[in-house]
Each structure stands twice: as structure tokens, then as C-alpha cells.
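FYI, side chains are in, hydrogens and waters are out, and symmetry mates aren't considered; it's all heavy atoms of this structure.
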Amino acid sequence: MRTNRAIRTPGGLSVRLDVRATVVVALILLAALTASVVLIGTGDFPIPAGDVLKTLFGHGNAGQEFIVNELRLPRVLVGLLVGASLGLGGALFQAVSRNPLGSPDVLGLSQGATAGALTMIVLFSGSATQITLGALVGGLVTGLAIYLLAWKQGVHGYRLVLVGIGVSAIVTAVNGYLLTRSTLTEAAQAVVWMTGSLSGRDWTQVWPLLWLCAVLVPLVLANGRGLRMMEMGDDVSGALGVRVERVRLLLLVAAVLLTAAATAAAGPVSFVALTAPQLARRLTRSPGPNLLPSLCMGATLLVTADWVSQKVFGADQLPVGVVTGVLGGVYLLWLLVTERRAGRI
């Protein structure tokens with residue numbers, strides 16, 4: 001039995017609190033913070049967790065402050081922000097499409113961002129900043145194309161997924177063509193970027209992501225009630241006062257921006273956007289989009305995967321996208337076996 005509590009504010013506002021979901025979010029956040037502290041202390045110069053905390057609060061020595069604040073903290077913050085953006089973006093796409101496969105990986109947004117980055121690498125020999133901007137523009141253009149192609153008196157879930165799969169196939173072919181046009185050096189640079197990596201990330205990647213999340217996350221959460229009602233169908237939610245197409249367009253734009261920015265910062269890190277919302281739903285056992293749990297789960301998954309890659313293979317030896325791909329593939333196989341045993345597929 002679910003435990004829900006209603007909290008009333010002095011102004012008369014009543015808020016329903018799902019106790020289990022709240023506890024799950026708190027535990028996931030604790031896991032993310034713990035993994036972040038451990039990850040900051042991991043590397044060629046290991047630092048105990050206690051010293052990491054003291055350094056973060058301004059009580060470390062000069063060497064520790066340089067390693068923690070200048071080298072490792074930005075990478076961890078980018079990992080948290082990228083994971084949170086992918087988790088929230090994946091939850092939005094899955095809720096709008098009403099399909100557990102409706103994630104940026106499947107719909108082609110990650111491939112679109114990759115096409116933008118490859119264009120800057122292969123055709124213009126762009127700098128790191130230009131590659132980031134190219135990835136951002138590529139993701140936005142792909143998202144706009146999917147929305148326009150899927151529009152027919154509104155955007156519906158299955159049409160959105162089918163159009164996204166088609167666009168993904170086209171953009172993947174374009175990416176393959178761009179790779180054939182590249183030199184050996186450009187191809188090596190492109191393949192590393194396409195895998196998804198947090199190596200070399202610094203404060204220049206942190207601040208744009210932080211500002212974007214500061215604007216979009218409250219906006220998305222404020223529309224969570226409308227998104228939950230839309231899962232009952234457009235006619236029912238419209239009758240209950242939800243401006244269906246307006247809310248859907250707003251949330252899709254937010255999801256595209258979150259996904260494109262995350263891909264621009266770290267490359268197309270696979271399976272986080274697909275897996276995080278499903279894991280969050282299973283832990284909370286709550287219906288609806290589970291936006292905040294998905295956000296926290298995405299951040300936890302990415303920093304944990306980065307720690308695993310560094311701990312097992314050494315710093316910067318294995319891109320984090322490889323680890324998330326392996327873990328996500330294993331999860332999908334487990335999910336398929338579970339669904340088949342339950343007789344649902």
C-alpha cells in the first residue's frame with residue numbers, strides 16, 4: 001500500500017507528498033554525493049574521502065586544493081549535470097511518447113548532436129568550443145525536424161517514436177559519410193567524442209550546463225502535474241483544463257535542450273536517458289513521469305559509471321560512454337527476459 005501525506009501551508013495550499021518517492025530521491029541523492037566524493041579522490045594521486053571533504057570546505061593544502069578544485073571537481077560536476085540532464089530529458093520523452101523506448105538514444109537526438117559535432121570536426125577543423133556549439137545546434141535542428149515531421153493535428157506518442165527512429169537512421173548514415181571524409185587524425189578525434197567521455201572537462205563546461213539546468217529544471221517540474229494528467233489521454237487532460245499541445249511543445253523543447261546540451265558537453269553518452277527513468281520508476285513504484293527521481297538517478301548513474309571506468313581501467317583509459325553502454329545493454333537484456341517471463345512480450 002502506498003503512503004501519501006497531504007501537507008498544508010499557512011496560505012492554504014495543499015501538497016500531496018509521496019513518502020516512498022521522497023525517501024527514494026533522498027537515498028539516490030546521497031548515493032550521488034557519496035560517489036562524487038569517492039570519484040574526486042580517485043586518480044593517479046589518490047586522496048582519502050575525508051581529505052576531499054576538508055578540501056571542498058577550504059581546509060586542504062595547496063596541492064590538494066589544486067587537484068580537487070581545478071582538476072577533478074569540474075569533471076565530477078559535469079558528470080552530475082550531464083547525467084541529470086539526460087535522466088530528466090529521457091523521462092520527458094518517455095512520458096510524452098508514452099513509450100519506454102522513447103529516449104534521445106532511440107529518437108535520434110544524440111545522433112543529431114553527433115552530426116553537428118562531426119561537421120565541425122571534419123569540414124571546419126573546429127576548436128573544442130566550436131565542436132560543442134556544433135553539437136548543440138545539431139541536436140536542436142534534429143529535435144525541430146522530428147517535431148515538424150511528427151506533427152499532424154498535434155504530436156502523438158507512437159508517431160513521434162516512429163519518426164524519431166527514421167530520422168535517427170538517416171542521421172546515422174550522414175555521420176558515417178562524414179567519417180569517411182575525415183583524415184586519420186580527425187577520425188580518431190571524432191570516435192573518442194562519439195563514445196562519450198568526461199576526460200578533460202573543466203569549468204567552461206560546468207557553467208553553461210549549470211545555468212541551463214537552473215532555468216529548465218524548475219520549469220519542467222512546474223509542468224509535472226500537466227504531464228501526469230496527459231498520460232490519461234489528450235481528450236481527458238484537455239477536459240481537465242490542460243493545454244495539451246502547449247505543454248507538450250514546452251516540455252519537448254526543454255527535453256531537446258537538456259539532451260543537446262548534455263551531448264555537447266560530454267558526447268553522446270548512451271543508455272543513461274533510456275535507463276534512468278525506468279530504474280527510478282521501479283524504485284519509487286510510482287505512476288507518472290517520475291521527473292525528479294529520474295533526474296537524480298541519471299546523475300548517480302553517470303558519476304558511478306565514471307568511477308567504475310577509472311577504478312577498473314585507470315584514469316582516462318576507458319571513456320565513460322563505454323561503461324554506460326555495457327551496463328545499459330545488460331539492463332535491457334534483463335528487462336526483456338523479465339517482460340517475457342511475465343508474458344507481456
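Residues Val247 and Leu221 share a hydrophobic cluster, clusters being chains of Ile/Leu/Val/Met/Phe/Trp/Tyr side chains in contact below 4.5 Å. Residues Met120 and Val141 do not share a hydrophobic cluster, clusters being chains of Ile/Leu/Val/Met/Phe/Trp/Tyr side chains in contact below 4.5 Å. Under the 4.5 Å side-chain heavy-atom criterion for Ile, Leu, Val, Met, Phe, Trp and Tyr, Ile170 and Leu160 are members of distinct hydrophobic clusters. Both Val37 and Leu198 are members of a single hydrophobic cluster when ILVMFWY side chains are connected at heavy-atom separations under 4.5 Å. Grouping the Ile, Leu, Val, Met, Phe, Trp and Tyr side chains by contacts below 4.5 angstrom, directly or via other members, places Leu81 with Trp207.
Between the side chain of Arg285 and the backbone N or O of Leu283, no donor-acceptor pair lies under 3.5 Å. The main-chain N or O of Asp202 is found under 3.5 Å from a side-chain atom of Gln205 such that the two form a donor-acceptor pair. Here the side chain of Ser168 pairs no donor or acceptor atom with the backbone of Gly164 at under 3.5 angstrom. No donor-acceptor pair closer than 3.5 Å links the side chain of Gln94 to the backbone N or O of Ser103. Within the 3.5 Å criterion, the main-chain N or O of Ala265 finds a donor-acceptor partner in the side chain of Arg201. Judged by distance alone, the side chain of Arg75 and the main-chain N or O of Ile40 form no donor-acceptor pair under 3.5 Å. Remark: the backbone N or O of Gly321 is paired with a side-chain donor or acceptor of Thr324 at under 3.5 angstrom. Side chain of Asn61 to main chain of Gln64: a donor-acceptor pair is present (N/O by atom type, distance under 3.5 Å, no hydrogens or angles).
Atom CG in Leu86 sits 8.5 Å away from atom CG in Leu258 (nearest 0.5 Å). Remark: Ile28 CD1 to Met297 CE distance equals 3.5 Å, nearest 0.5 Å. Atom CG in Leu73 sits 6.0 Å away from atom CG in Leu56 (nearest 0.5 Å). With values rounded to the nearest 0.5 angstrom, Phe93 atom CZ is found 5.0 Å from Thr259 atom OG1. One distance of note links CD of Glu186 with CG of Leu179; it measures 10.5 Å at 0.5 Å rounding. For the atom pair Leu252 CG and Leu144 CG, the distance stands at 11.5 Å (nearest 0.5 Å).
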task: Apply side-chain contact (heavy atoms from CB on, under 4.5 Å) to the pair Leu291 and Leu227, showing each step before the final yes or no.
output: CA-CA 10 Å; Leu291 298 178; Leu227 183 61; 4.1 Å; yes

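Contact record, Val38 with Trp307: CG1-NE1, 3.3 Å, taken as the closest heavy-atom pair. Scanning both residues, Ala35 and Thr304, for their nearest heavy atoms gives CB-OG1, 3.9 Å.
There is a side-chain donor-acceptor pair under 3.5 Å between Asn290 and Thr284.
The side-chain heavy atoms of Thr142 and Gln111, taken from C-beta on, include no pair separated by under 4.5 Å.
Note: Tyr147 and Trp151 have tilted aromatic rings, judged against thresholds of 30 and 60 degrees for the angle between ring planes.
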